[in-house]
There are 2 protein chains.
Amino acid sequence: MLEDREIGYLDPGIETLLERFFEKEGLYTTSSCIGRITIVEGIYPWDREEARVVFKKHGEIKGDIILKQVEIPGYENLWLRVTGPILHVVAKDRAWANWIIDLARKAGFKHSCIFSLGRDIVVEIMSSIQISIPLKIGGVLLIPYSHYDSLADLANKLWRKGVESARILEKLLEETPDP
Amino acid sequence: MLEDREIGYLDPGIETLLERFFEKEGLYTTSSCIGRITIVEGIYPWDREEARVVFKKHGEIKGDIILKQVEIPGYENLWLRVTGPILHVVAKDRAWANWIIDLARKAGFKHSCIFSLGRDIVVEIMSSIQISIPLKIGGVLLIPYSHYDSLADLANKLWRKGVESARILEKLLEETPDP
């Protein structure tokens, strides 16, 4: 983790949460994201193969960031996306898997579940924060420039909501006895 | 199922998919939704406790439906949402659970996972289609009326994409040998 931080792989804001996981003998994380605000080009913004991320930030944005991307010529379909934190956690056994899913849901990560059930139990911790706002569809601007500042405010508010859940989970991991 | 259809509980379009599930001895469905287009009032549109659905349809909409809701006075925050199909399926054992998750992901339900791992294995089949478009935020209209028809077209296209995945899963259930 320290190495990842050095290289810059680690999202700012997720470190203290990851530290709580490293203290648990029945769990370890394999990937993590504190949540992000992106601008995506494509018809289906959730589709990783078809859509293309043209702007990405693990933090808050300002209206002129949106403006700048929208003004780049050639983008037919452009979306502003906010996604909450996502973590993949390997659990030692069923008890640890159920324990962490329960805590995650309590913290607001309503979509937490077992992603893969093989030799390892991989738990996906995911919030319901998945907002895709169409900025431009078929070349037509849907939202006037004058609203970009409030759009940025909205995106920032939703992003902070995800970080808040991460902080709650951190606290729950600290306070809840092991399974 | 026939009884549910009689009462009108069953979404139109999901029946043929459910029939494929009923043919499998290792699986049964407990709840299902073919996907829907909703208009939701609230600050956090995904939050079932805080947000309130003011319009709901398991099918396509027209621009004037959006207009009608937006013109109702008193709504401070209004969102247009499109959510893809969601099914909960109980699997007899691990082999059936992994089998159905694999098929579901192939059909486009990328968020399929094990939702609960107790005496029963409950699998959640869910697509990545989760679009929330802010119509009105803090009383301010973000998208001009003139774009409501293309907004409805967009919502319909995303909704149909979900139905398409349901049809693919139907076919995969028919063609793939039991685990």
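Sequence lines set the chain letters: A, B, ... in the order given, protein chains first and strands last, and positions in each chain run from 1. Keep in mind that the numbers below use all heavy atoms, side chains included, and drop hydrogens, waters and symmetry copies. Fair warning: this is a prediction, and the values are worked out from it, not measured in the lab.
With hydrophobic clusters built from ILVMFWY side chains whose heavy atoms lie under 4.5 angstrom apart, Val140(A) does not share a cluster with Val40(A).
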**Study point:** Glu170(B) and Thr16(B): CA distance, side-chain angles, deciding distance, side chain to side chain donor-acceptor pair (under 3.5 Å) verdict
**Key:** CA-CA 7 Å; Glu170(B) 221 173 281; Thr16(B) 47; 3.0 Å; yes
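Ring-plane geometry between Trp99(A) and Trp96(A) is classed as perpendicular, the angle between the planes exceeding 60 degrees on a 0 to 90 degree scale with a lower cut at 30.
Interface residue Leu154(B): only side-chain heavy atoms are found under 4.5 Å from chain A. Ser150(A) touches chain B through its side chain: at least one heavy atom from C-beta onward sits under 4.5 Å away, while N, CA, C and O do not. In this structure, the portion of Leu151(B) lying under 4.5 Å from any heavy atom of chain A is its side chain and not its backbone. Heavy-atom distances place the side chain of Ile137(B), and not its backbone, under 4.5 Å from chain A.
In the displayed structure, Lys68(B) atom NZ is contacted under 6.0 Å by at most 12 heavy atoms of other residues, nucleotides or ligands.
Heavy-atom pairs under 4.5 Å with chain B were tallied for Asp153(A), Leu142(A), Ile131(A); the largest tally goes to Leu142(A). Between chain B and the options Leu80(A), Asn98(A), Val82(A), heavy-atom pairs under 4.5 Å are most frequent for Asn98(A). No other option in Met126(B), Lys110(B), Glu124(B) has as many heavy-atom pairs under 4.5 Å with chain A as Met126(B). Taking chain A as the reference chain and counting heavy-atom pairs below 4.5 Å, the highest number among Ile43(B), Ile101(B), Ile129(B) is found for Ile129(B).
For the pair Lys161(A) and Tyr44(B), the cation sits on the ring face: its NZ or CZ lies under 6.0 Å from the ring centre, inside 45° of the axis.
The closest donor-acceptor contact from the side chain of Asp149(B) to the backbone of Lys62(B) lies at 3.5 Å or more, if one exists at all.
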